[in-house]
**Q** 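Below are the C-alpha cells for one structure; questions will follow.
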Amino acid sequence: PIYCAKKTKTHKDELGICRVLLAELEAHQDAWPFLTPVNHRAVPGYRKVIKKPMDFSTIKEKLTSNQYLNLETFIIDVNLVFDNCERFNEDDSEIGRAGHRMRRFFDKRWTELLQ
Ligand SMILES: Cn1cc(C(=O)NCCN)ccc1=O
C-alpha cells in the first residue's frame, strides 16, 4: 500500500502477543533446557558465571503478575535466556544447539507477529 499507518499497539495488545509467544516457546520441542530455572546446585559454576538467570517459567510468572511494561521488556528477558545459554554452553552441545534453535524460532515468530 502507498500509505501504511503505523498501528500503535495498546499495552493489552502487546501483552497478548507476549502470551502467544511464550506459549509457543514452551511448546517447542527444544524448550526442555529452558522450562524451569537451572538448578545451580546440580550445575557446577552456574551461579558464579550467570549473573542474571532467567527461564520460561520465571517469564510466565512475571507476565501473569504484570511485571512486563511492554513487549520490549518481555523480549529482553527472553533474549536473556538465550544469551545465558550461549555463555554457559558450548555451541556444539545438546543444550547449546537447543538454545540456538530456540533463539532462531523466537526471532522469526515475534517479527512475524509484529508485521
Ligand atoms: C539452560 N541450561 C539448562 C541446564 C539443565 O541442566 N537444564 C535441566 C534440563 N532438565 C544446564 C545448563 C543450562 O545452561
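When reading the values below, keep in mind they use all heavy atoms of this one structure, side chains included, and skip hydrogens, waters and symmetry mates. Sequence positions, counted from 1, serve as the residue numbers for this chain.
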**Q** On a heavy-atom basis, which atom in C18 and which in L71 lie closest, and how many Å separate them?
**A** SG-CD1, 3.5 Å

**Q** Inspect the surroundings of CD in E86 and state if more than 12 heavy atoms from other residues, nucleotides or ligands are less than 6.0 Å away.
**A** yes

**Q** For residues 50-61, pull every pair meeting side-chain hydrogen bond (donor to acceptor under 3.5 Å, both in side chains), keeping only residues two or more places apart or in separate chains.
**A** E26-K60, D55-S57, D55-T58

**Q** Going by side chain to side chain donor-acceptor pair (under 3.5 Å), name the residues that satisfy it together with N66, two or more places apart in sequence or in a different chain.
**A** none

**Q** Can you establish whether the number of heavy atoms outside R101 located under 6.0 Å from its atom CZ is more than 12?
**A** yes

**Q** Is there a continuous path of hydrophobic side-chain contacts, each under 4.5 Å between heavy atoms, that joins I59 to W110?
**A** yes

**Q** With sequence neighbours excluded, give me every salt bridge (Lys or Arg N to Asp or Glu O under 4.0 Å) pair touching residues 104-115.
**A** E24-R109, K108-E112, R109-E112

**Q** Transitively linked via ILVMFWY side-chain contacts under 4.5 Å: L114 with V78?
**A** yes

**Q** Give the C-alpha distance, both sets of side-chain angles, the deciding distance and a yes or no for side-chain contact (heavy atoms from CB on, under 4.5 Å) between M102 and V81.
**A** CA-CA 10 Å; M102 289 302 296; V81 174; over 6 Å; no

**Q** With the 4.5 Å side-chain cut-off for hydrophobic clustering, are I17 and L63 part of the same group?
**A** yes

**Q** Could you check whether the rings of F34 and F56 sit parallel, tilted or perpendicular, using 30° and 60° as the cut-offs?
**A** tilted

**Q** Can you hop from F105 to L21 via hydrophobic side chains spaced under 4.5 Å?
**A** yes

**Q** Please round to the nearest 0.5 Å and tell me the distance separating atom CZ of R103 and atom CG of L25.
**A** 12.0 Å

**Q** Does any N or O in the side chain of H11 come within less than 3.5 Å of the main-chain N or O of N70, such that one atom is a donor and the other an acceptor?
**A** no

**Q** Go through the structure and list residues passing side chain to side chain contact (heavy atoms under 4.5 Å, CB included) with N89, not counting sequence neighbours.
**A** C85, S93, I95

**Q** So D92 and R97, side-chain contact (heavy atoms from CB on, under 4.5 Å) or not? Walk me through it.
**A** CA-CA 6 Å; D92 185 22; R97 273 190 296 279; 2.5 Å; yes

**Q** Going by side chain to side chain contact (heavy atoms under 4.5 Å, CB included), name the residues that satisfy it together with I76, two or more places apart in sequence or in a different chain.
**A** E72

**Q** Grab the two heavy atoms, one from F106 and one from I75, that are nearest each other, plus how far apart they are.
**A** CZ-CG1, 3.9 Å

**Q** Run the numbers on L22 and F74 for side-chain contact (heavy atoms from CB on, under 4.5 Å), then give the verdict.
**A** CA-CA 10 Å; L22 183 59; F74 167 82; 4.2 Å; yes

**Q** Throw together a table of side-chain donor-acceptor distances under 3.5 angstrom for residues 35-47, partners on residues two or more places apart or in other chains.
**A**
{"from": "N39", "atom 1": "OD1", "to": "R41", "atom 2": "N", "distance (Å)": "3.0"}
{"from": "N39", "atom 1": "OD1", "to": "A42", "atom 2": "N", "distance (Å)": "3.3"}

**Q** What is the distance from atom CG of D83 to atom CD1 of I50, rounded to the nearest 0.5 Å?
**A** 9.5 Å

**Q** Taking all atoms of both residues into account, what is the closest heavy-atom pair of Y68 and L15, and its distance?
**A** O-CD2, 3.9 Å

**Q** Looking at every heavy atom in both M54 and N84, which two are closest together, and how far apart are they?
**A** N-ND2, 3.6 Å

